[in-house]
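Quick notes on the structure that follows.
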Protein chains: 2
Amino acid sequence: MESEETPARWEGLPSWLLSQTAHHAHRLVSDGFSSVGARGYHYRLLATLEESGPASQAALGRRSGIHLSDMVATINELADRELVERAPDPSDRRRNIISLTSAGKRQLRRLEKRLAECQDELLAPLSPEERQRLAELLSRLRDHHDRRTRIPEEPGR
Amino acid sequence: MESEETPARWEGLPSWLLSQTAHHAHRLVSDGFSSVGARGYHYRLLATLEESGPASQAALGRRSGIHLSDMVATINELADRELVERAPDPSDRRRNIISLTSAGKRQLRRLEKRLAECQDELLAPLSPEERQRLAELLSRLRDHHDRRTRIPEEPGR
DNA sequence: GCCCAATGTTTGTATTCCTAACGTTTACCT
DNA sequence: AGGTAAACGTTAGGAATACAAACATTGGGC
């Protein structure tokens with residue numbers, strides 16, 4: 001009966017546009033990742049591991065922005081597939097030392113490749129200059145709100 | 001031991017920037033909404049109701065983009081607070097007709113006010129021209145991917 | 001030696017989006 | 001008319017991301 005064209009009133013709101021485009025981006029990326037049997041946390045953890053080298057779960061969580069609670073499952077999943085190794089720290093028995101295996105490194109290469117392809121697909125309708133400007137505007141927004149959000153934590157330390 | 005400054009390698013990726021900014025936007029908006037005891041679905045449903053007038057749950061779901069499964073809970077919550085009314089459709093006993101109460105309309109006004117404030121806070125670091133360009137770029141991305149996503153559904157009907 | 005902090009872990013919450021199944025009711029088709 | 005297909009409302013649950021709270025173990029500062 002109704003023709004279901006819904007130019008809803010919120011369609012133009014910046015917050016809505018952000019949600020929608022982020023949703024599309026997330027779909028692209030997580031489809032890309034899942035085609036290799038991974039998800040976002042896996043990539044973030046593997047990438048952090050390659051940058052930082054072996055480290056404790058807590059340190060990895062801080063660097064990757066993954067919550068400690070979620071690190072456990074993420075590492076379990078990666079360790080099950082031997083992309084990552086969990087070994088007790090001999091110098092601190094509270095800690096596990098997580099390290100990247102060579103299979104993990106190969107997986108990371110695959111994920112990075114997918115990720116790059118996704119960026120291109122995501123930005124397909126924009127020219128190189130427009131992509132640049134978009135990234136710049138988004139960075140400004142993120143930096144602004146990151147500062148508003150982050151814990152003050154005494155800056156002398 | 002490590003100084004935890006993590007300029008992770010994915011920080012500059014467009015998909016990541018979108019996720020982050022959308023996350024900030026979502027936090028702002030949903031904080032704004034929850035200060036009036038509502039959430040995103042509530043606003044979308046109320047706004048759709050005001051635009052479309054009374055309608056069945058399925059029709060509202062299509063127009064608002066809210067999944068049918070989630071409509072039930074959303075309407076329950078709004079009906080509990082008498083912001084919305086659920087009445088059986090006499091001409092089709094499968095359907096409920098949902099309509100906006102005057103309290104619901106007042107709530108919608110409140111939500112719209114919060115929403116507008118949030119847009120401003122979200123875009124605070126950008127000039128009016130920059131806001132315009134951001135919206136334009138995001139719209140292009142969204143439209144592009146909306147078309148790729150939407151079901152072909154025969155265009156004659 | 002004590003106390004506090006850090007660590008790893010489990011459990012549980014919330015939101016958004018989505019799938020699947022089910023019973024009821026209506027619509028269509030022959 | 002009869003039978004099948006479709007729409008509707010509902011319930012239940014899963015996946016991904018993000019977070020809070022509690023807990024036992026261990027280290028380190030004092």
Side-chain angles (χ1 to χ4, degrees), chain A residues 1-2 4 15-16 18-20 22-34 37-45 55-62 64-77 79 86-98 149 151 153 157, chain B residues 1-2 4 10 15-16 18-20 22-34 38-45 55-62 64-77 79 86-98 149 151 153 157:
Chain A
M1 180 169 263
E2 308 89 348
E4 243 97 68
S15 61
W16 181 255
L18 274 175
S19 291
Q20 295 301 290
H23 190 233
H24 283 303
H26 182 261
R27 192 197 303 275
L28 284 172
V29 170
S30 77
D31 282 359
F33 282 169
S34 77
R39 57 197 183 91
Y41 280 178
H42 295 172
Y43 165 71
R44 276 160 68 183
L45 182 48
S56 73
Q57 302 185 184
L60 290 171
R62 262 169 266 137
S64 64
I66 298 175
H67 200 281
L68 269 191
S69 315
D70 302 313
M71 283 292 316
V72 180
T74 305
I75 293 179
N76 286 343
E77 289 158 11
R86 188 196 252 127
D89 184 338
S91 80
D92 185 339
R93 273 181 298 180
R94 291 171 305 179
R95 292 180 178 169
N96 294 325
I97 294 184
I98 311 302
T149 299
I151 305 147
E153 65 172 319
R157 212 278 143 114
Chain B
M1 185 174 253
E2 308 88 348
E4 242 97 69
W10 62 76
S15 61
W16 181 254
L18 276 173
S19 291
Q20 295 303 289
H23 190 236
H24 283 303
H26 181 260
R27 193 196 301 275
L28 283 172
V29 170
S30 78
D31 282 359
F33 282 170
S34 77
R39 56 196 184 94
Y41 280 176
H42 295 173
Y43 165 73
R44 275 158 70 182
L45 183 50
S56 72
Q57 301 185 184
L60 289 171
R62 263 170 265 136
S64 64
I66 299 175
H67 201 281
L68 269 191
S69 315
D70 301 315
M71 283 293 315
V72 180
T74 306
I75 293 178
N76 285 344
E77 290 158 11
R86 188 196 252 127
D89 184 338
S91 78
D92 186 339
R93 275 181 297 180
R94 291 172 305 180
R95 293 180 178 167
N96 293 327
I97 294 184
I98 311 301
T149 298
I151 304 147
E153 66 173 317
R157 213 274 154 133

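Keep in mind the model is a prediction, meaning the values are calculated, not measured. Residue numbers start from 1 in every chain, and the chains themselves are labelled A, B, ... in the order their sequence lines are given, proteins ahead of strands.
One cannot find a donor-acceptor pair under 3.5 Å joining the base of D:dA16 and the side-chain atoms of A:Arg39. For B:Asp70 and C:dC18, a side-chain-to-base donor-acceptor distance below 3.5 Å is present, hydrogens and geometry of angles not being considered. Counting distance only, with no hydrogens placed and no angle test, the side-chain atoms of B:Ser69 and the base atoms of C:dT19 include a donor-acceptor pair under 3.5 Å.
Between A:His23 and A:Ser56, the residue whose closest nucleotide on DNA chain C is further toward the 5' end is A:Ser56. Each of A:Ser91 and A:His67 has a nearest nucleotide on DNA chain D; the 5'-most of these lies closest to A:His67. Along DNA chain C, the nucleotide nearest to B:Arg94 and the one nearest to B:Tyr41 differ in position, and the one closer to the 5' end is contacted by B:Tyr41.
Between C:dT9 and A:Asn76, no contact under 4.0 Å exists linking OP1 or OP2 to a side-chain N or O. Taking side-chain N and O atoms only, B:Arg44 has no distance below 4.0 Å to OP1 or OP2 of C:dT16. Phosphate proximity of C:dT16 to B:His26: present, with a side-chain N or O under 4.0 Å from OP1 or OP2. Proximity of A:Arg93 to the phosphate of D:dG27: a side-chain N or O atom is located under 4.0 Å from OP1 or OP2. Checking the phosphate oxygens (OP1, OP2) of D:dA7, no side-chain nitrogen or oxygen of B:Arg62 falls inside 4.0 Å. OP1 or OP2 of C:dT7 sits under 4.0 Å from a side-chain N or O of A:Arg95.
Put simply, CG on A:Leu28 is 16 Å from P on D:dA16, counting in whole angstrom units. Nucleotide D:dA18 holds its P atom 16 Å from the CG atom of B:Asp31, rounded to whole Å. One interatomic measurement links the two molecules: CZ of A:Arg27 to P of D:dA16, which rounds to 14 Å at whole-angstrom precision. Following rounding to the nearest Å, B:Met71 (CE) and D:dC8 (C1') show an atom-to-atom distance of 12 Å. One atom, CD of A:Gln57, and another, P of D:dT25, lie 18 Å apart when rounded to the nearest Å. Separating the CG atom of A:Asp89 from the P atom of D:dT26 is a distance of 13 Å, rounded to the nearest angstrom. Look at CG on B:Asn96: it is 15 Å from C1' on C:dT26, rounded to the nearest Å. One can place CD1 of B:Ile66 at 14 Å from P of D:dT10, the figure rounded to the nearest angstrom.
Taking CG of A:Asn96 as the start and CZ of A:Arg86 as the end, the distance is 5.5 Å to the nearest 0.5 Å. Distance NE2/A:His42 to OG/A:Ser34: 11.5 Å, rounded to 0.5 Å. Between A:Trp16 atom CH2 and B:Arg44 atom CZ the span is 3.5 Å, to the nearest 0.5 Å. The line from CD of A:Gln57 to CZ of A:Arg94 is 13.0 Å long, rounded to the nearest 0.5 Å. To the nearest 0.5 Å, atom CG of residue B:Asp70 and atom CD1 of residue B:Ile75 are 11.0 Å apart.
At least one side-chain heavy atom of A:Thr74 sits less than 4.5 Å from a side-chain heavy atom of A:Arg39.
At a threshold of 4.0 angstrom between heavy atoms, the contacts of B:Leu68 include nucleobase atoms, whether or not backbone atoms are also involved.
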